[in-house]
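The structure appears right after this line, and notes come after that.
Residue numbers run from 1 in the order of the sequence given. Fair warning: this is a prediction, and the values are worked out from it, not measured in the lab.
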Amino acid sequence: MYGPGFQDFVLEQTSHSPQFIYEKYDPEDPTTHRRSIYRFLPRSQPQPFMQTLDCADPSQQVAKRDETVTAMSALAMLNNQLMLYMAQQMATRLADMHENPANQIDTAFQLTLSRMPSAHEQQSLIDHAAEFGLASACRVILNLNEFVFVD
């Protein structure tokens, strides 16, 4: 909580008409691994990832952000550079903690959802990790409705 803000873009042409280049942002920069409330918001050029997830327009005051469910949101959560990096970091952490795939999935559920997986969930993710890798299974977990949405 508190601390400095961060930029999830690279600033170019700062002397005249600055360009906010989001594609050049390095998701591995640990200074940016913070809640989005600490993001620097350029009002002239919204952040595409946040815009896809219904981030409120920074040039307007809103009581609550819009809530939509679109294919673009789901695809962004699966394929955004930050999400890919975080899934890989999670997989590395789980692999360091446990060698057994069942224990890795159990711990992943505990960390993300604060519960144990059902037998079906656990087996499905073990099979998925065996075929596509643990990082891919972590991407699945980070995209579960239970993790993405607050009820």
Practice prompt. Answer yes if Ile126 and Met97 sit in the same cluster of Ile, Leu, Val, Met, Phe, Trp and Tyr residues linked by side chain heavy atoms under 4.5 Å apart, and no otherwise.
Written response: no

Worksheet item: Looking at residues at least two apart in the chain, or sitting in another chain, which of them share a side chain to side chain donor-acceptor pair (under 3.5 Å) with Asn143?
Response: none

Discussion item. Under 4.5 Å between side-chain heavy atoms, counting indirect links through other Ile/Leu/Val/Met/Phe/Trp/Tyr residues: same cluster for Leu144 and Leu111 or not?
Written reply: yes

Worksheet, complete the sentence: Closest non-hydrogen atoms of Leu142 and Met86, given as atom of the first, atom of the second and distance, are CD1-C, 4.5 Å

Worksheet, complete the sentence: On a heavy-atom basis, the closest approach of Ile141 and Ala108 is CD1-CB, 3.6 Å

Fill in: For Phe147, all residues meeting ring-ring contact (aromatic ring centres under 6.0 Å, His included), sequence neighbours excluded
none

Worksheet item: When hydrophobic residues are tied together by side-chain contacts of less than 4.5 Å, even through go-betweens, does Leu84 share a cluster with Leu94?
Response: no

Worksheet item: With Gln81, which residues qualify under side chain to side chain donor-acceptor pair (under 3.5 Å), at least two apart?
Response: none

Worksheet item: Would a 4.5 Å heavy-atom cut-off, applied to side chains only, mark Gln122 and Asp106 as touching?
Response: yes

Fill in: Shared hydrophobic cluster, Val148 / Leu125 (ILVMFWY, side-chain heavy atoms < 4.5 Å)
yes

Worksheet item: Can you tell me how far the CE atom of Met83 sits from the CG atom of Leu75, to the nearest 0.5 Å?
Response: 12.5 Å

Discussion item. If I compare all heavy atoms of Gln88 with all of Ala135, which pair ends up nearest, and what's the gap?
Written reply: OE1-CB, 3.4 Å

Fill in: Pairs meeting criterion ring-ring contact (aromatic ring centres under 6.0 Å, His included) with involvement of residues 70-126, two or more places apart
His33-Tyr85

Discussion item. Under the side chain to side chain donor-acceptor pair (under 3.5 Å) definition, can you give me all pairs with a residue in residues 108-118, not counting sequence neighbours?
Written reply: Arg115-Glu121, Arg115-Glu146, Ser118-Glu121

Worksheet item: Just by distance, do the side chain of Arg139 and the backbone of Ala87 share a donor-acceptor pair under 3.5 Å?
Response: no

Fill in: Exercise: identify the closest heavy-atom pair between Ile105 and Pro117
CG2-CG, 4.2 Å

Discussion item. List the residues meeting side chain to side chain donor-acceptor pair (under 3.5 Å) with Asp29, not counting sequence neighbours, and say none if there are none.
Written reply: Thr31

